[in-house]
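Below: one structure, written as structure tokens.
If you read the sequence from its start, that first residue is 1, and numbering goes on from there.
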Amino acid sequence: MSTTDLASERITFDDFLKIDIRVGTIVEIAPFPEARKPAFKLVIDFGGDIGRRKSSAQITQNHAPEDLVGRQVLAVVNFAPRQIGPFMSEVLTLGVPDAAGNVMLIGPDRPVPNGGRLY
């Protein structure tokens with residue numbers, strides 16, 4: 001499906017509200033050598049009722065491990081967990097492609113409370 005096709009698909013506002021996108025802080029990072037594509041294993045703290053959740057993220061091209069702990073990111077927290085090799089990913093960490101197609105994480109410009117919902 002092309003980008004043009006995606007832009008033409010319409011959803012309702014109620015459909016959008018079903019996607020629970022929250023801000024969290026990366027508190028742990030580990031290599032994920034078993035992944036098919038280079039990736040890291042992340043633990044993200046969303047605070048409150050959500051707490052800490054695990055995520056696999058293919059962000060090795062643009063993000064160094066030492067720069068990630070303490071960084072706030074956005075993630076979909078209400079998808080069903082997904083098995084990725086030997087790792088269970090509990091949230092989908094969000095990013096956008098750079099000019100080369102490599103993932104750039106997205107998050108707030110300034111610190112905000114963990115668990116805040118995107119609207």
Side-chain angles (χ1 to χ4, degrees):
M1 188 174 288
S2 73
T3 304
T4 306
D5 293 334
L6 291 175
S8 65
E9 291 182 24
R10 304 272 183 191
I11 65 171
T12 68
F13 188 71
D14 287 338
D15 291 331
F16 171 73
L17 290 176
K18 292 176 187 175
I19 304 168
D20 193 357
I21 300 172
R22 303 288 180 124
V23 64
T25 300
I26 298 171
V27 294
E28 295 176 33
I29 184 165
F32 190 7
E34 304 90 353
R36 279 188 256 172
K37 294 182 181 180
F40 295 127
K41 294 188 259 186
L42 308 176
V43 176
I44 304 169
D45 184 3
F46 294 96
D49 293 337
I50 300 170
R52 291 180 176 202
R53 300 284 175 95
K54 298 181 292 183
S55 182
S56 169
Q58 296 173 359
I59 57 174
T60 60
Q61 294 294 322
N62 287 319
H63 301 284
E66 60 271 14
D67 297 330
L68 290 172
V69 173
R71 180 179 177 149
Q72 288 192 300
V73 294
L74 293 176
V76 177
V77 299
N78 65 333
F79 280 153
R82 184 172 177 182
Q83 189 75 42
I84 301 173
F87 184 76
M88 183 64 73
S89 188
E90 300 171 309
V91 298
L92 175 64
T93 306
L94 299 175
V96 295
D98 66 9
N102 298 309
V103 179
M104 294 292 300
L105 291 172
I106 57 173
D109 292 337
R110 295 183 208 139
V112 297
N114 285 336
R117 186 170 182 167
L118 177 77
Y119 58 84

I'd like to know if the side chain of [X] and the backbone of [Y] have a donor-acceptor N/O pair within less than 3.5 Å.
X: Asp20; Y: Arg117; answer: no
X: Ser56; Y: Ser89; answer: no
X: Gln83; Y: Gly85; answer: yes

Specify the closest pair of heavy atoms between [X] and [Y], including all atoms of both residues, with the distance to one decimal.
X: Pro38; Y: Thr60; answer: CB-OG1, 3.2 Å
X: Pro81; Y: Met88; answer: CB-SD, 3.6 Å
X: Gly47; Y: Asn114; answer: N-CB, 4.0 Å

To the closest 0.5 Å, what do you measure between [atom1] ([X]) and [atom2] ([Y])?
X: Asp45; Y: Gln72; atom1: CG; atom2: CD; value: 10.0 Å
X: Glu90; Y: Arg52; atom1: CD; atom2: CZ; value: 12.5 Å
X: Phe87; Y: Glu34; atom1: CZ; atom2: CD; value: 10.0 Å
X: Asp15; Y: Glu9; atom1: CG; atom2: CD; value: 11.5 Å
X: Lys54; Y: Lys41; atom1: NZ; atom2: NZ; value: 8.5 Å
X: Leu74; Y: Ile21; atom1: CG; atom2: CD1; value: 7.0 Å

Starting from [Y], can I reach [X] by hopping between I/L/V/M/F/W/Y residues whose side chains sit under 4.5 Å apart?
X: Tyr119; Y: Leu17; answer: no
X: Ile26; Y: Ile106; answer: no
X: Leu105; Y: Phe32; answer: no
X: Val112; Y: Ile44; answer: no

Atom pairs and distances, side-chain donor-acceptor, residues 93-104, under 3.5 Å, sequence neighbours left out:
from, atom 1, to, atom 2, distance (Å)
Thr93, OG1, Ser55, OG, 2.7
Asp98, OD1, Ala100, N, 2.9
Asp98, OD1, Gly101, N, 2.9
Asp98, OD1, Asn102, N, 2.8
Asp98, OD2, Asn62, ND2, 2.9

- Query: Less than 4.5 Å apart, any side-chain heavy atom of Val91 and any of Ile50?
  - Reply: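 No, too far: nothing below the 4.5 Å cut-off.
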- ring pair (Phe, Tyr, Trp, His ring centres under 6.0 Å): which pairs involve residues 33-83, sequence neighbours left out?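 Of all non-adjacent pairs touching residues 33-83, none passes ring pair (Phe, Tyr, Trp, His ring centres under 6.0 Å).
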